Every structure is written in C-alpha cells, then in structure tokens.
Amino acid sequence: MRISAVGTAYPQYRYSQSQISQALIERWADKLEEPRLLQRLHANCGVNFRNFVFPLEVYPTLVGFGPNNDAWIKAAVELGETAILRALDRAGITAADISAIFFATVTGIASPTIDARLINRLPFPVNVKRTPIFGLGCVAGAAGIARASDYVRAFPKENVLLLSVELCSLTWQDDDQSIANLISTGLFADGAAAVVISGSESPLATRQRPAPRILATRSTFYRNTEKVMGWDISSNGFKIVLSPDVPKVVEENLLGNVQGFLQDNGLQQSDISTYIFHSGGPKVLEAMEQSLSLPPNALAPSWKSLSEVGNLSAASVLAVMEDYLEVHPGEPGSYSILAAMGPAFCSELVLLQW
Amino acid sequence: MHRVVVTGMGCVTPIGSSVAAMEESLAAGTSGISAFPPIAEAPASPGLRFTQTARVDGFDAREYLSSGTLSAADRTAQFAIVASRQAALQSQLTQHHAPQRIAVVLGCSTGGRSSEEAETAKLYTRDARLHPLSVVRTMANAGASHTSIDLGITGPVFTLSTACASGTHAIGMAFHMVRSGMVSAALAGGHEAPLTFGFLRAWDSMRVVSASRCRPFAADRDGMTLGEGAAVLALETLESAQARKATIFAEVVGFGMSADAHHITNPAASGAVAAIHAALADTGLPDAADRVGYINAHGTGTQANDATEATAIHQVFAERGARIPVSSTKSLHGHSIGATGAIEALATVLSLHHQTLPATAGVTAVDATLNLDVITGAPRKAAVELALSNSLAFGGINAVLALAAWRG
Amino acid sequence: MDDIAQRCIDIIAKSKGLDPQSISLESSFDSLAIDSLDKINISFEVEEAFNIEIPDDALGSLKTVGDVVDGVRRLTSEPTA
C-alpha cells in the first residue's frame with residue numbers, strides 16, 4: 001500500500017501576517033486591552049502568510065454559529081473538490097476509481113457530510129464507502145492515512161481517498177480575547193488536502209512516479225490530557241482550548257513513541273532519512289526537533305509550510321507530504337516518518353519507505 | 001412530448017444585474033440608456049454620430065469569477081456565466097437533473113469582441129505578441145462552454161448565432177429539445193458585450209443608430225440604441241418541475257422561425273408573419289392567435305423595423321392587431337444584439353408572472369400610422385394568457401416565442 | 001529583494017488580485033491558488049514585461065514564485081540567438 005498522490009487547495013484570499021493582525025486589532029478595537037500583545041503573539045507564530053475563504057472584511061459580517069457553519073459547508077465543498085481533482089489528476093485516475101472516502105475535519109459540521117456532497121458533484125461510484133471523521137483535529141492528517149491504509153490492507157486491489165478540509169478562519173470567536181484565542185487567530189488558517197492511497201495490488205502500485213509505501217502505523221493515546229487541546233462548544237460555535245503545555249507533552253512522549261515504533265519494525269532512528277511532521281507551530285516544531293535530536297533543517301519543509309500557509313490543522317501534514325512528493329522525494333529505499341499530534345492528546349506515526 | 005416550463009431566470013443587463021433589479025426597473029420604467037464615457041482606445045473625437053448606449057455599469061466580474069476564469073473569459077462570457085448561475089441557483093436545476101440530461105444553449109452574435117479588438121489592435125499597431133488565451137476569449141461558444149464548466153453540465157452544449165435573434169433562437173431550440181425529451185432541462189438565453197470602439201463605429205456607419213435614444217414606435221423615432229448584457233432561462237419538463245414542487249414562472253408553448261429570403265438589411269413583413277404563424281401553430285392550440293394578449297416586440301426604433309413589424313402584426317391578427325398591447329423593452333435595456341431576444345423573453349416571462357406589461361419608455365407621441373396599441377408611460381395591468389416575444393434579425397432571420405401564463 | 005523579483009511578484013499579485021505583500025519567493029503556486037489558466041496568463045505577462053519567451057517545457061516545472069524569478073534571470077542573462 002502506497003501514498004500515490006497528494007493534492008492541496010488553498011482559498012483565494014491571501015494575506016501577510018501583519019495585515020491579518022491589523023485587521024483583528026481593528027475588529028476588536030473595543031475589546032483588546034493591549035493590542036500590542038496580539039501583535040507580538042501573532043509575530044511569534046512562525047507564520048508569514050495565510051489564505052482564507054473570505055476577504056478579511058467579510059468575517060465581521062458572519063455572526064453566530066449558523067452563518068459561519070453555512071459558509072463553512074459551501075466553502076468546504078468547493079475547496080475539497082479542488083483538492084480531490086488535483087490529487088486524482090496526479091494519480092492519473094478519476095473519482096470512479098475510488099472505493100472509499102475518509103473525510104476528516106474539525107472546523108465545521110454537516111450532515112450529509114462534505115464527502116457526501118462531493119459524491120453529488122464528482123463521478124464517485126454509488127457504492128463508495130464513506131467514513132466521515134470529526135474531532136481528531138490536527139492528528140487527523142496522519143491518522144487518516146493510517147486508517148485508509150488499514151482499509152487497503154483488507155482490500156489490496158482498491159484505491160481510497162483521504163480528504164481533509166479545515167477552514168479555521170470560520171471558527172474565530174469575537175468574544176474571546178484569551179491568550180489561547182489570540183494565538184489561535186495568529187496560527188491557524190484555511191486549506192484542504194486530498195490523498196490517494198492505493199492497495200498493494202492496485203494498478204497504481206506499479207507506476208514510476210514516487211509513491212512511498214506505507215509499512216506500518218502507530219496510534220498512541222496520552223491518558224488524562226483532555227484539557228491540552230480541543231474545542232469548548234458555545235452557542236457561538238467552536239471556542240479554542242490550547243494549553244501552553246502542548247510542547248511539554250510532545251517532549252515527554254515523542255521520542256519514546258518513535259523509538260518504540262521503530263524498534264517494533266526492526267529499525268532505529270539512524271535509519272530514518274526524513275521526518276514529515278505536522279506544522280503545529282514554532283514551539284511544537286522546536287520540541288519535535290529537540291526531543292528527537294534532529295539536525296538543523298531536518299524539518300525545513302514543515303517550517304516552510306507553517307510560514308507560507310499557517311497551521312491547517314489536519315491538512316498541514318498532508319501539505320508537507322505533498323511538498324516531499326512533488327519537490328524532493330526520498331531516495332529509493334530510504335525511510336521517512338510522517339507524524340502528527342492532536343487533541344486527546346495523542347499521536348499518530350506512519351512509517352514510509354520510498 | 002413534454003410540456004416545458006420556466007423555473008429559473010438570470011440576467012446581467014443595463015437595467016439590473018439580477019432579475020429582482022430588472023423587475024424593479026421594468027416596473028419603474030427606469031432606462032439603462034445614457035451618454036457613454038470617453039472610449040479609451042478612441043481618439044479624442046471618436047467620429048460617432050451618437051452619444052448614448054445601454055451599458056452594464058458596476059459589473060465587477062471579480063466578485064463572481066476566479067482570476068483564472070477572468071483571464072480566459074471575455075466580458076461576453078462573463079455575463080453568460082453570471083446570468084446562467086443565477087438561473088441555475090433559482091431553479092436548482094443542477095441538483096434535480098442529471099448533468100448529462102441538461103443542455104446549455106446560448107445565443108451570441110459577436111463573440112469575444114472586446115478581446116478580439118484589443119489583441120488585433122496590438123498586433124496591427126506594434127506587431128506585439130498575442131495573449132495565449134486570445135482564441136478561447138474570442139470564440140463565440142465561450143459563454144456556453146464556461147457555463148457548462150462552471151455548473152458541471154455535460155449534456156448538449158452549444159452556441160448559435162443569428163445576429164439580433166440569437167437569444168430567441170437559443171431559447172426556442174432549447175424548448176424543442178426539452179419538449180422532445182432529448183434532454184430533461186436546459187439553460188437557454190443569450191449574451192453579448194459588443195460596445196467596443198470598432199463595433200460602435202461599424203454601427204455608426206450603417207446610420208441606423210439614434211442620435212439621442214431609441215424611441216420604438218414613436219412618430220419621431222430615429223434609430224436604435226446599442227446595448228450589452230445577458231439573460232438566461234432555466235427550462236425543464238412540467239413533470240419534473242411539479243414533482244419537485246419548483247416555482248413555475250411561465251410555460252413555453254410555441255416557437256417559430258423563418259427567413260425573409262429578401263435582403264441582408266431591409267426586413268420583409270412576410271418573414272415576420274411566417275415566424276409568428278409558426279410559433280402560434282407550434283402551440284398546438286387551434287385558437288392560439290385569439291389568446292395572444294401581449295406582444296413584446298422586436299421594436300428597435302428604426303423606421304424600417306417598426307413599420308414592418310406593425311404590418312406583420314396586422315397581417316397575422318387582422319382586426320385584433322390594433323388592440324393587442326405591444327411594447328418594446330429595448331427602450332429600457334437597449335439593443336444588445338445576441339442577448340436582446342433573451343432579455344426580452346425574460347421580460348415577457350415576468351409580464352406573464354406578474355400580469356403587468358412593461359411600457360415603452362421615451363415615447364411622447366406614438367406613430368399613429370402604425371395603428372398599434374403601444375404601451376407607453378406606465379406599465380399596464382392586464383389579464384394575459386398568451387404572449388409573444390418577437391426577434392427580427394439582420395440577415396432576414398426571424399424567431400418568435402409563444403409564452404403562456406402559469407396558473408398552477 | 002531585487003527589481004526582477006519585485007516585478008514578478010507584482011505581476012502575479014495583479015493577475016491574482018492579491019496584495020504583493022502576501023507573496024514571497026517561497027510561495028507555491030498552489031498556496032496562491034494559481035490554476036492552469038492563471039499560469040498561462042502570468043507566463044504571458046512575465047514574457048511581456050521582460051521581453052522574453054518562456055520555453056514550452058519550462059512552463060510545467062514552475063511551482064513557486066522563486067521558480068519564475070529564477071527562470072526570468074536565466075532568460076534575461078542569456079544572449080538571445
């Protein structure tokens with residue numbers, strides 16, 4: 001089973017970080033006690049640019065959970081479609097060749113889910129199996145690949161699709177000026193990514209294009225860390241829970257998780273040539289580098305993604321994966337670890353061989 | 001044979017870039033004709049004998065279209081996409097019909113005229129390289145193609161070109177396609193964006209454009225006023241509209257076509273008579289002529305057209321000809337060539353839906369020799385069952401739609 | 001940032017209706033939501049601005065703003081045949 005292709009899609013409105021900070025300072029003019037605090041927190045996010053589904057001036061007109069979620073559904077369908085078409089095109093197949101869809105998001109809700117709405121727009125088979133996933137948050141990019149690979153292990157002739165659409169800009173809360181929300185509005189952005197995962201006997205498995213094999217996956221649940229990250233749900237929608245302890249949780253757990261996972265697969269850390277990590281934020285990336293004693297620039301694609309498009313929640317690690325596939329694929333035979341962490345708190349590791 | 005109804009409408013016109021805005025302008029008699037601003041490409045003295053056009057002002061395609069589509073689509077195709085989208089949205093056509101069972105049939109006479117002129121001017125004046133999207137910007141079918149891409153419609157998609165009758169022919173052909181069962185639904189209409197310097201000069205040299213503004217059927221009429229825009233109707237079978245409880249705005253009951261085979265510019269009443277007769281016969285109603293309660297005339301405001309059209313009306317309707325209310329909405333939205341028939345069909349659908357007939361604007365004294373009941377001043381309330389929308393094009397090509405009020 | 005880079009960024013910004021401030025040399029075409037039609041348009045505008053001709057086979061390999069700038073540098077430094 002392989003990652004055959006990744007396609008990302010970003011919405012058309014793009015801003016520099018300072019433009020976004022300024023817009024929020026104006027929007028919250030009568031709410032912020034210290035505008036410079038927002039500016040400083042935003043400047044420290046490692047984010048230089050972000051894309052949003054609406055121009056910045058439109059957001060204040062979307063008041064309440066209903067209008068925001070309606071806008072989310074409409075935009076998620078559009079962006080999801082673009083990402084899927086890009087991934088299918090790169091894989092050289094069409095929607096008709098897909099037998100299961102895993103759809104992950106944490107920034108909006110819909111029933112029928114976004115994947116269902118896309119089946120009405122693209123020629124997926126009517127027997128396509130759907131697995132919508134809500135709430136895994138940032139870990140869902142890696143966990144989605146893992147669950148999709150579990151599926152093609154059972155059905156090795158088939159191709160499946162993982163779709164992640166995250167429109168974080170539609171979760172911003174006007175009545176929350178907590179540090180967590182100031183960071184959240186400085187870090188998270190909008191984007192979508194679709195991944196084609198093929199079984200070992202799929203016709204795609206024999207193609208020449210770089211398509212790393214998925215050798216193994218590992219989920220690890222960190223007990224009693226519910227308050228580290230997630231949403232509180234209010235009548236206005238999703239309110240961010242983001243503890244300063246996130247880097248600490250990473251430092252305490254990542255090395256042990258990676259070592260245990262590699263050991264179980266007969267490998268050690270020196271066998272790994274690249275690390276395809278979720279661009280959570282500067283502190284998280286630094287914690288990952290330190291805990292695994294990585295050389296400088298080992299996570300450069302993750303840093304670049306963070307700088308160029310912000311944290312896209314589940315879609316981020318998939319965007320980094322796309323960069324590896326399209327721009328610097330691994331040497332044949334070399335190993336990579338793809339990893340993400342997210343609310344629970346938990347981690348998901350995926351061992352790849354190019 | 002299926003009955004065919006209108007379940008959605010869209011438009012971008014000089015009197016409104018939405019159906020609601022156009023309705024308001026028709027009711028208030030607000031004209032979209034005004035003096036045009038200086039033409040960027042033209043010399044300070046542009047050499048035109050007229051000063052007025054009907055333009056779609058304040059249309060910012062960036063509000064609707066991606067930058068990629070914008071760079072590939074001429075203004076005429078941009079109008080088509082936006083009007084089609086409105087019609088599809090109102091009718092919910094694409095949610096209820098399989099994409100391969102929907103047709104897109106649009107009329108367009110001049111293609112991507114502004115792109116053509118801009119690129120050609122660059123080539124002729126400084127041997128510059130041409131934009132790689134020039135071909136797709138200028139092809140006449142661009143509006144229909146972009147619409148199919150935009151809405152994911154995969155059935156029959158084509159553009160037809162019959163000058164000033166294009167939009168009417170398009171709706172008529174789509175009507176017959178839905179009626180026969182070839183498709184179950186269609187987006188049909190016309191679009192045109194011809195107000196370029198070269199096109200204005202070409203019309204100027206024909207000497208048929210009004211020095212002031214068009215006054216159809218007026219005693220002192222002195223020509224037409226050029227315009228631009230688009231209108232699109234969503235058509236579908238009555239069964240599907242009723243099954244899904246769609247709002248029905250009118251029924252399309254007949255369509256007739258003919259050619260004068262006479263003269264490339266001068267109209268002959270015989271051709272118009274034949275087209276009206278064909279449309280009435282196509283309704284299958286033996287007394288169709290007696291039921292006609294409104295005619296949305298081609299009414300360009302030229303001496304020749306209005307006189308010929310009046311003659312044709314009298315020949316078809318005999319003594320009733322003087323009593324059927326007639327108006328030309330071109331006095332409000334101008335003559336937008338390939339789009340105008342569709343804009344007028346839309347105005348006719350609205351007339352039937354609201355049972356209110358729009359007035360011909362700007363007419364102080366009707367030409368009494370025409371002996372027609374021309375609606376002037378304010379719109380007229382009337383109980384109308386059947387209405388005609390006439391298009392009599394250059395080249396002696398005629399198309400007439402028969403539309404019926406829906407009393408569901 | 002030098003003149004070539006700034007002009008490329010300005011062309012892309014104008015074509016996409018973006019603020020030039022929101023574009024860096026590292027920005028990928030995907031992140032700028034540049035589709036295949038945008039790409040044709042931008043390539044043409046760049047050719048016009050620098051009076052160069054981008055070879056057909058080079059078009060497909062353009063993935064970031066930096067790629068465009070590098071390409072322009074190469075084409076403007078080479079003597080034309």
Side-chain angles (χ1 to χ4, degrees), chain A residues 6-23 47-53 55-57 75 78-79 81-83 85-87 89-90 189-194 279 300-301 303-310 312 315-316 318-328, chain C residues 1-46 48-49 54-75:
Chain A
V6 181
T8 51
Y10 299 95
Q12 59 170 314
Y13 301 102
R14 184 174 166 91
Y15 297 96
S16 66
Q17 183 77 337
S18 56
Q19 287 175 303
I20 300 164
S21 306
Q22 197 50 43
V47 176
N48 287 322
F49 308 100
R50 285 182 282 164
N51 294 52
F52 296 131
V53 291
L56 284 171
E57 59 272 19
E78 296 289 337
L79 210 58
E81 182 175 14
T82 306
L85 290 175
R86 199 165 279 159
D89 187 46
R90 283 180 174 153
D190 302 353
S279 322
W303 284 102
K304 190 177 92 182
S305 177
L306 181 67
S307 160
E308 278 290 327
V309 294
L312 309 172
S316 265
L318 306 178
V320 179
M321 183 71 226
E322 180 193 43
D323 193 27
Y324 273 101
L325 270 173
E326 297 299 320
V327 185
H328 27 86
Chain C
M1 196 169 300
D2 69 1
D3 183 49
I4 289 181
Q6 193 55 53
R7 282 168 73 192
C8 288
I9 285 177
D10 288 346
I11 288 167
I12 293 169
K14 181 156 179 268
S15 174
K16 284 298 302 175
L18 289 170
D19 189 320
Q21 272 187 58
S22 70
I23 301 175
S24 76
L25 291 177
E26 290 209 309
S27 299
S28 69
F29 280 12
D30 286 352
S31 74
L32 299 175
I34 289 173
D35 66 17
S36 58
L37 293 172
D38 286 318
K39 214 167 157 179
I40 294 172
N41 192 45
I42 289 165
S43 306
F44 175 71
E45 296 296 342
V46 167
E48 283 275 270
I54 302 172
D56 290 352
D57 53 355
L59 279 174
S61 63
L62 299 176
K63 289 197 163 66
T64 67
V65 176
D67 293 344
V68 176
V69 176
D70 292 346
V72 170
R73 268 194 235 292
R74 259 197 310 280
L75 289 164

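The sequence lines fix the lettering, A, B, ..., with proteins before strands; numbering per chain opens at 1. Computed from a predicted model, the values in this text were never measured in an experiment.
- For a residue to count as touching a neighbouring chain, one of its non-hydrogen atoms must lie under 4.5 Å from one of that chain's; by this rule A:Y15 touches chain C with the backbone only.
- For the atom pair A:N51 CG and C:S27 OG, the distance stands at 8.5 Å (nearest 0.5 Å).
- The closest side-chain heavy-atom distance from A:F49 to C:S31 is not below 4.5 Å.
- At distances below 3.5 Å, not a single donor-acceptor pair connects side-chain atoms of A:R14 with backbone N or O atoms of C:L32.
- Once rounded to the nearest 0.5 Å, the distance linking CG of A:L85 with CG of C:D35 reads 12.0 Å.
- Taking NZ of C:K63 as the start and CG of A:D323 as the end, the distance is 10.5 Å to the nearest 0.5 Å.
- Side-chain contact check for A:E308 and C:S28: no donor-acceptor pair (N or O, by modelled atom type) lies under 3.5 Å.
- Taking CD of A:Q19 as the start and CD of C:Q21 as the end, the distance is 4.5 Å to the nearest 0.5 Å.
- C:D30 is listed as a side-chain neighbour of A:E322, based on a closest heavy-atom distance under 4.5 Å.
- For C:D2, the CG atom is densely surrounded, since the number of other residues' heavy atoms within 6.0 Å is greater than 12.
- Looking at A:S18, the atoms closer than 4.5 Å to chain C (heavy atoms on both sides) all sit in the side chain, from C-beta outward.
- Atom OH of A:Y13 is separated from atom NZ of C:K16 by 10.0 Å, given to the nearest 0.5 angstrom.
- The heavy-atom pair separating A:S16 from C:S22 by the smallest distance is N-CB, 3.8 Å.
- With a threshold of 4.5 angstrom between heavy atoms, A:R50 does not approach chain C through any atom at all.
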